[in-house]
Amino acid sequence: MWQAVQALQQGFEAASAAELAGGGSAAYYVRQAGLETVVADRMRVWAVISVHRALWAGASVAELAQAIGSTFEQVAGRWRVWADGQRRLNEHCPGLGVSAGEYDRVDAVLAVASASTVESRSGSSTRPGCPVVEGK
């Protein structure tokens with residue numbers, strides 16, 4: 001991945017003004033698109049690992065969703081896809097992936113956040129300072 005980042009940077013540094021402005025060859029843009037895709041895909045994987053670690057360390061789902069410009073559902077969905085694979089890895093290769101306890105702890109955080117999200121959407125919040133508005 002770091003080789004792709006380096007190659008991408010070198011491509012930008014060596015690019016002509018025409019290439020940077022959209023007037024380059026198809027080969028230039030194919031190469032850039034390939035490198036950008038490698039970097040973006042790897043960053044997506046690392047981001048979900050950071051989401052897992054943040055939840056494990058006590059971050060709120062709302063805080064994470066805001067930080068990554070996402071919704072609760074998207075945060076939970078991305079985590080679940082990644083974490084389910086990590087659990088399967090741990091079952092087949094103990095010591096690798098995510099343990100059952102670690103998975104369950106983060107899953108519980110998401111379950112509490114989900115209940116809070118549903119509660120706030122239904123207008124039945126019991127949180128102090130949050131009035132229930134009828135008809136909305």
Any Tyr103 side-chain heavy atom under 4.5 Å of Gln86 side chain | no
dist Thr37:OG1 -> Gln32:CD (nearest 0.5 Å) comes out at 11.0 Å
Inspect the surroundings of CD in Gln3 and state if more than 12 heavy atoms from other residues, nucleotides or ligands are less than 6.0 Å away.
-> no
Out of curiosity, does Ile49 fall in the hydrophobic cluster containing Leu110 (side-chain heavy atoms, cut-off under 4.5 Å, transitive links)?
-> yes
Return yes if some donor-acceptor pair links the side-chain N/O of Arg87 with the main-chain N/O of Gly97 below 3.5 Å, else return no.
-> no
Heavy-atom nearest pair, Phe72 first then Val61, reads CD1-CG1, 3.1 Å
Side-chain touch Val39/Val5, heavy atoms, less than 4.5 angstrom = yes
Single-linkage hydrophobic cluster Trp46~Leu89, side-chain heavy atoms < 4.5 angstrom = no
Consider only side-chain heavy atoms of I, L, V, M, F, W and Y, link residues closer than 4.5 Å, and tell whether Val48 and Val81 are in one cluster.
-> no
Under a 4.5 Å cut-off applied to non-hydrogen side-chain atoms, are Glu19 and Ser16 in contact?
-> yes
Here the gap from Asp84 atom CG to Trp79 atom CH2, rounded to the nearest 0.5 Å, amounts to 7.0 Å
Where is the tightest heavy-atom contact between Ser70 and Val75, given as atom of each residue plus distance?
-> OG-N, 4.0 Å
Any link between Val45 and Leu64 through a network of hydrophobic side chains (Ile, Leu, Val, Met, Phe, Trp, Tyr) touching at under 4.5 Å?
-> yes
In Å and rounded to the nearest 0.5 Å, what is the CD to CG distance from Glu13 to Leu8?
-> 10.0 Å
More than 12 heavy atoms of other groups within 6.0 Å of Gln66 CD = no
Kindly determine whether Arg44 and Asp41 satisfy salt bridge (Lys or Arg N to Asp or Glu O under 4.0 Å), including the steps that lead there.
-> CA-CA 5 Å; Arg44 271 191 288 282; Asp41 288 348; 2.3 Å; yes
Any side-chain heavy atom of Arg78 within less than 4.5 Å of one from Val51?
-> no
State plainly whether one hydrophobic cluster holds both Phe12 and Val38, where clusters connect Ile, Leu, Val, Met, Phe, Trp and Tyr through side-chain heavy atoms under 4.5 angstrom apart.
-> no
Gap between atom CZ of Arg80 and atom NE2 of His52 - 0.5 Å precision = 12.5 Å
Answer yes or no: are there more than 12 heavy-atom neighbours, outside Arg105 itself, under 6.0 Å from its atom CZ?
-> yes
